[in-house]
Amino acid sequence: MSADYLKQKRILLVDDEPDLLTLVANILRQDGYTDVRTADSFANALHQAEVSAPELAVLDVMLPDGSGFGLLKRLRGFTDCPVLFLTARGEEEDRIRGFGLGADDYMVKPFSPRELLYRIAAILRRTYRSEDPLVELDGSRIDFARAEVIRDGEQIPLTAKEFALLSALCRNAGRIVTIDALCTAVWGDNPYGYENSLMAHIRRIREKIETDPSHPVSLVTVKGLGYKLILKSRK
Amino acid sequence: MNSILKLIRRFVGIMVLSFVLLILLNLSLLAAIAARQAANQSPWTIAMETAQALKPADSGFTVTSEAFASLRACGAWAVLIDESTGEVVWQTEDLPVTVPMHYTYSDIAALTRGYIDSYPTFPAASAYGLMVLGFPRTSYWKHMWPSWDYQLIAHAPQIALTAAALNLILILLIYLTANYRLLRSVQPLASGIQTLPSGEPVFIPEHGLLSELASSLNRTSGLLQSQKYELRKKETARANWIAGISHDIRTPLSMVMGYAEQLKDDAALSRGQQKKAAVILRESERMRDLVNDLNLASKLEYNMQPAHLRTENLTAIVRQAAVDFINADIAGKYPVEWTGNQPQIPCTADVDRELLTRAVMNLFHNCRNHNEEGCTIYISIRRSEASWDIRVEDDGVGLSDEELNRLRDASQGAACGAGIDGQRHGLGLQLVRQIASVFGGEILMDHSNYGGFSVTISLPAADT
């Protein structure tokens with residue numbers, strides 16, 4: 001997937017610590033995000049959101065004039081943009097509350113900047129995939145809109161299960177996805193015993209996307225643990 | 001309640017035993033008295049012997065000197081009544097003057113059964129008439145009407161047993177009635193004492209026989225409750241304090257880590273400066289882990305961390321933890337190898353997914369923290385009798401036998417303060433141990449076959 005269009009997304013950062021705001025904004029800008037805005041209070045954040053209509057919001061929970069949970073509730077009044085909580089409050093009930101309000105992810109400080117970037121990229125990919133359904137691989141391209149792989153000009157259709165597997169892998173491109181998570185993505189909540197079927201599906205996907213399926217470079221195995229989809233631009 | 005029943009059983013047992021012992025004692029006494037009576041000559045026997053000792057003499061009749069001695073010994077007098085005339089034809093010298101000298105048939109019938117002038121009399125037939133012996137007035141008490149219903153004698157054993165049973169029942173009833181109130185007072189006390197160790201509050205109505213005891217027990221319970229409350233308050237304050245500190249340190253630590261990571265990768269800096277930034281980052285990450293561990297450890301210690309135990313597939317949890325660790329290890333210095341499990345059997349145990357993930361992640365971090373040059377981490381899940389063994393080991397520097405023993409001996413992870421390669425195997429392992437114990441499991445530490453350190457989390461399997 002060409003990630004460039006995701007870097008154009010408007011991101012609103014909300015935190016009451018100006019130094020932290022600067023840090024996170026710099027991290028995002030250095031990674032290529034071009035439209036990063038910041039707010040240091042509930043009121044400023046609400047104003048910014050109303051004015052600029054962010055496409056992703058990164059919210060702190062504890063703000064001087066309100067809580068991030070309350071802010072999310074207000075935001076939901078006029079926008080469905082994805083939200084990631086970045087907060088020092090790591091208790092289970094806080095996370096449950098955040099997810100319950102419709103947050104897309106929840107990170108507890110202190111955080112690794114790299115992990116933050118991965119999570120933001122994953123949320124953006126998941127949310128705005130339909131805007132650019134083409135995913136570029138080393139020897140082929142996946143067109144999720146048409147559920148097919150294009151290799152050497154040939155269009156190879158994907159089955160429903162192959163599509164589900166590639167979607168799950170693509171959402172986490174560059175990261176390992178466990179066998180269990182892939183089985184759950186395809187077969188639902190009780191995926192036990194589908195490992196052999198999964199291997200068969202992976203083999204068929206490789207035959208479609210890899211130039212040399214015996215030596216895969218885009219869909220690699222991490223023995224015993226899972227699989228990783230490597231995008232062309234990320235290699 | 002069991003102890004009350006036991007108490008009642010014991011009391012009833014003692015009572016039945018007492019009853020049996022009493023009967024035995026009475027029978028023994030009866031036997032002893034009867035034997036004593038048998039050893040003495042009965043008045044009937046003396047009368048008979050005197051009658052037999054009677055012989056004619058010049059002046060009438062006389063008895064042998066032995067018979068006289070016997071009569072004198074028991075203070076008895078004697079008369080011989082002629083059977084045809086009813087006249088006294090012989091008497092001893094000490095015959096009281098009030099004793100008649102002439103007897104009709106009815107007099108004889110009366111004296112046979114009873115008394116002459118209050119002297120208990122005992123007749124015996126002799127060849128010369130009827131010999132009657134009179135004993136001192138206070139020597140014998142005679143049965144006047146010594147006859148019983150035939151059926152009574154025929155059924156004597158049954159009647160005796162029935163009487164004994166009725167006696168026993170009567171005594172039991174008396175006992176139960178007498179002790180009913182006592183037992184009723186003891187019962188709430190006993191259940192109160194049984195409840196005390198559970199930590200639940202106890203209140204017993206303060207009336208009845210044992211109201212003072214009930215009052216003491218209520219006071220004890222109140223004291224325990226207030227101590228428990230105070231302790232809980234202190235624990236909560238301490239845990240909240242730790243939670244507060246760990247919360248406040250998160251934001252500054254975020255900035256340290258964020259800038260350190262930027263500096264580490266800043267091409268404008270020299271390699272030496274980048275290296276220093278890398279050290280700051282690494283140590284910050286360690287501080288982050290420590291803060292997280294400290295917070296969770298204190299919550300687990302004070303039971304403030306709710307554990308949501310569910311039957312989970314351990315393979316999925318461990319794999320996810322491994323993948324998260326690998327995904328975060330950009331440099332690839334710590335590859336993780338899955339060395340096997342038993343894929344044909346679901347590895348299920350009752351665990352809290354998040355806590356177990358934390359425990360396994362801690363073990364990965366342990367491998368990383370103690371092997372700065374990098375190492376390969378090996379993970380496996382294997383069945384061991386009734387439990388699943390999640391093993392995380394590495395081919396890193398490992399530790400000496402002495403260090404391993406010190407770790408094993410340390411009941412509290414933090415107590416093993418001595419450094420290993422200048423670092424502490426402290427809170428991290430303690431936390432893993434605490435989490436394992438929340439699931440009813442344990443951790444085992446050993447040298448790894450791969451050359452490094454090995455930790456096994458052993459959890460009870462859900463299918464046993």
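Labels below follow one simple rule: chain letters A, B, ... track the order of the sequence lines, proteins then strands, and each chain is numbered from 1. The model shown is predicted, which means the values in this text are computed figures rather than measured ones.
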**Item:** Interchain contact, A:N26 with chain B, by part (heavy-atom threshold 4.5 Å)
**Value:** both

**Message:** Within a 6.0 Å radius of atom NE2 on B:H308, are there more than 12 heavy atoms belonging to other residues, nucleotides or ligands?
**Reply:** yes

**Asked** Do you know which of A:K223, A:E92, A:K228 has the most heavy-atom pairs under 4.5 Å to chain B?
**Response** A:E92

**Request:** For B:V323 and A:T178, work out which heavy atoms get closest and say how close.
**Result:** CG2-CG2, 3.5 Å

**Prompt:** Heavy-atom distance under 4.5 Å to chain A: side chain of B:E285, backbone, both or neither?
**Reply:** neither

**Request:** Using non-hydrogen atoms and a 4.5 Å limit, figure out which bit of B:N292 sits close to chain A: side chain, backbone, both or neither.
**Result:** neither

**Request:** State, with a plain yes or no, whether a side-chain heavy atom of A:D180 is found less than 4.5 Å away from one of B:Q320.
**Result:** no

**Complete:** Here the gap from A:L23 atom CG to B:M257 atom CE, rounded to the nearest 0.5 Å, amounts to 10.5 Å

**Asked** Is there a side-chain contact between B:L253 and A:K109 (heavy atoms, below 4.5 Å)?
**Response** no

**Interchain contact, A:E17 with chain B, by part (heavy-atom threshold 4.5 Å)** = side chain

**Message:** Looking at chain B, which one of A:L116, A:L86, A:I179, A:I176 has the largest number of heavy-atom pairs inside 4.5 Å, strictly under?
**Reply:** A:I176

**Nearest atoms (heavy-atom pairs only) where A:R175 meets B:N327** = CA-OD1, 3.4 Å

**Prompt:** Counting only heavy atoms not in B:E373, do more than 12 sit closer than 6.0 Å to its CD atom?
**Reply:** no

**Item:** Test item: A:E115 and B:D324 side chains (from C-beta on) under 4.5 Å apart, heavy atoms
**Value:** no

**Prompt:** Counting only heavy atoms not in A:R95, do more than 12 sit closer than 6.0 Å to its CZ atom?
**Reply:** yes

**Asked** What part of B:V291 is in contact with chain A, defined as an atom under 4.5 angstrom from a non-hydrogen atom: side chain, backbone, both or neither?
**Response** neither

**Asked** How close do B:S254 and A:P110 get, heavy atom to heavy atom, and via which atoms?
**Response** OG-CA, 3.1 Å

**Asked** Does the side chain of B:E261 reach to within under 4.5 Å of the side chain of A:S112, using non-hydrogen atoms?
**Response** yes

**Message:** Is B:I379 close to chain A through its backbone or its side chain, or both, or neither, when contacts mean heavy atoms under 4.5 Å?
**Reply:** side chain

**Message:** Please give me the minimum heavy-atom distance between B:T251 and A:A88, naming the atom from each residue.
**Reply:** OG1-CB, 4.3 Å

**Message:** With a 4.5 angstrom heavy-atom cut-off, is it the side chain or the backbone of A:V24 that approaches chain B, or both, or neither?
**Reply:** neither

**Message:** Counting only heavy atoms from other residues, nucleotides and ligands, does the tally under 6.0 Å from CZ of B:R310 exceed 12?
**Reply:** no

**Request:** Using modelled atom types only, decide if a donor and an acceptor are shared between the side chain of B:R319 and the backbone of A:G224 within a distance under 3.5 Å.
**Result:** yes

**Fill in**
Closest non-hydrogen atoms of A:D19 and B:Y259, given as atom of the first, atom of the second and distance, are O-OH, 3.8 Å

